[in-house]
K.L.:
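Here it is, the structure in full.
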Amino acid sequence: MALRANPDVDAIYCGSDLIARGVGDALRELGKDVPGDIALIGTDNWDPIAIGARPALTTIDPDLNKIGRLAAGCLLDAIDGRPHTGVQRITGQLVVRGSTN
């Protein structure tokens with residue numbers, strides 16, 4: 001585990017709320033306090049997972065609905081002969097909950 005190699009870790013960022021919830025469970029089993037010893041952040045803002053975690057997960061909400069609408073619009077434009085190029089950015093939002101100080 002990362003904590004064995006880096007015992008001074010004071011925060012962990014996970015690529016999904018589901019992974020973060022599992023990390024939180026593992027940290028509790030190791031006797032670590034979240035967020036007292038280690039802050040924990042997930043990604044997705046998946047309410048059943050983030051809010052149901054103890055403590056509730058701080059998470060990054062990537063606005064998946066907006067991403068889906070944008071992707072569908074680009075696909076429909078491409079089908080109509082108007083393909084898009086380049087990178088489109090969607091601003092995410094940090095949703096602060098109990099897993100961070």
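These numbers come from the heavy atoms of this one structure, side chains and all, not from hydrogens, waters or symmetry mates. Keep in mind that what you see is a predicted model, and the values were worked out from it rather than measured.
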K.L.:
Any chance you could measure D17, atom CG, to T43, atom OG1, to the nearest 0.5 Å?
P.N.:
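Output value for this atom pair is 6.5 Å.
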K.L.:
Would V9 end up clustered with L40 when hydrophobic side chains under 4.5 Å apart are linked, directly or stepwise?
P.N.:
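Yes: a chain of side-chain contacts under 4.5 Å links V9 to L40.
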K.L.:
Rounded to the nearest 0.5 Å, what separates atom NZ in K66 from atom CD1 in I90?
P.N.:
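The distance works out to 5.0 Å.
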K.L.:
Are N45 and T59 linked by a side-chain donor-acceptor pair shorter than 3.5 Å?
P.N.:
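N45 vs T59: no donor-acceptor pair found between side chains.
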K.L.:
Please report the interatomic distance OG(S16) to CD1(I60), rounded to the nearest 0.5 Å.
P.N.:
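S16 atom OG to I60 atom CD1 measures 12.0 Å (nearest 0.5 Å).
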K.L.:
Is the backbone of I79 close enough, under 3.5 Å, to the side chain of R82 for a donor and an acceptor to pair up by distance?
P.N.:
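Side chain of R82 to backbone of I79: no pair is present.
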K.L.:
Looking at A20 and G42, what are the two nearest heavy atoms and their distance?
P.N.:
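Heavy atoms only, the tightest pair is CB-CA, 3.8 Å.
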K.L.:
Can you get from L70 to L64 by hopping between Ile, Leu, Val, Met, Phe, Trp and Tyr side chains that sit under 4.5 Å apart?
P.N.:
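L70 and L64: one cluster.
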K.L.:
Quick one: do W46 and V95 end up in the same hydrophobic cluster if we chain Ile, Leu, Val, Met, Phe, Trp and Tyr together by side-chain heavy atoms under 4.5 Å apart?
P.N.:
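They do not share one cluster, since no chain of ILVMFWY contacts under 4.5 Å joins W46 to V95.
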K.L.:
How far does SG of C14 sit from CZ of R21, to the nearest 0.5 angstrom?
P.N.:
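Taking SG in C14 and CZ in R21, the distance rounds to 13.0 Å.
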K.L.:
Is there a chain of hydrophobic side chains (I, L, V, M, F, W, Y, each step under 4.5 Å between heavy atoms) that links L57 to I19?
P.N.:
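Result: yes, single cluster for both.
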K.L.:
Please list, chain by chain and in numerical order, all residues satisfying salt bridge (charged side-chain N to carboxylate O under 4.0 Å, His left out) with R97, sequence neighbours excluded.
P.N.:
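Salt bridge (charged side-chain N to carboxylate O under 4.0 Å, His left out) check on R97 returns D47.
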K.L.:
Out of curiosity, I38 CD1 to L3 CG, how far, rounded to the nearest 0.5 Å?
P.N.:
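Rounded to the nearest 0.5 Å, the CD1-CG separation comes to 4.5 Å.
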K.L.:
If I compare all heavy atoms of G98 with all of T58, which pair ends up nearest, and what's the gap?
P.N.:
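Here G98 and T58 meet closest at N-OG1, 4.4 Å.
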K.L.:
Could you state whether L30 and I12 fall into the same hydrophobic cluster, counting links through intermediate Ile, Leu, Val, Met, Phe, Trp or Tyr residues with side-chain heavy atoms under 4.5 angstrom apart?
P.N.:
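Yes, one cluster joins them.
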K.L.:
Show the numbers, then the answer: is there a side chain to side chain contact (heavy atoms under 4.5 Å, CB included) between V34 and R28?
P.N.:
CA-CA 8 Å; V34 174; R28 268 192 307 286; 5.7 Å; no
K.L.:
Rounded to the nearest 0.5 Å, what separation is found between the CG atom of N6 and the CG atom of D10?
P.N.:
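These two atoms lie 11.0 Å from each other.
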K.L.:
Taking side chain as C-beta onward, heavy atoms only, is H84 less than 4.5 Å from D77?
P.N.:
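When only atoms from C-beta onward are counted, D77 and H84 do touch, with a gap below 4.5 Å.
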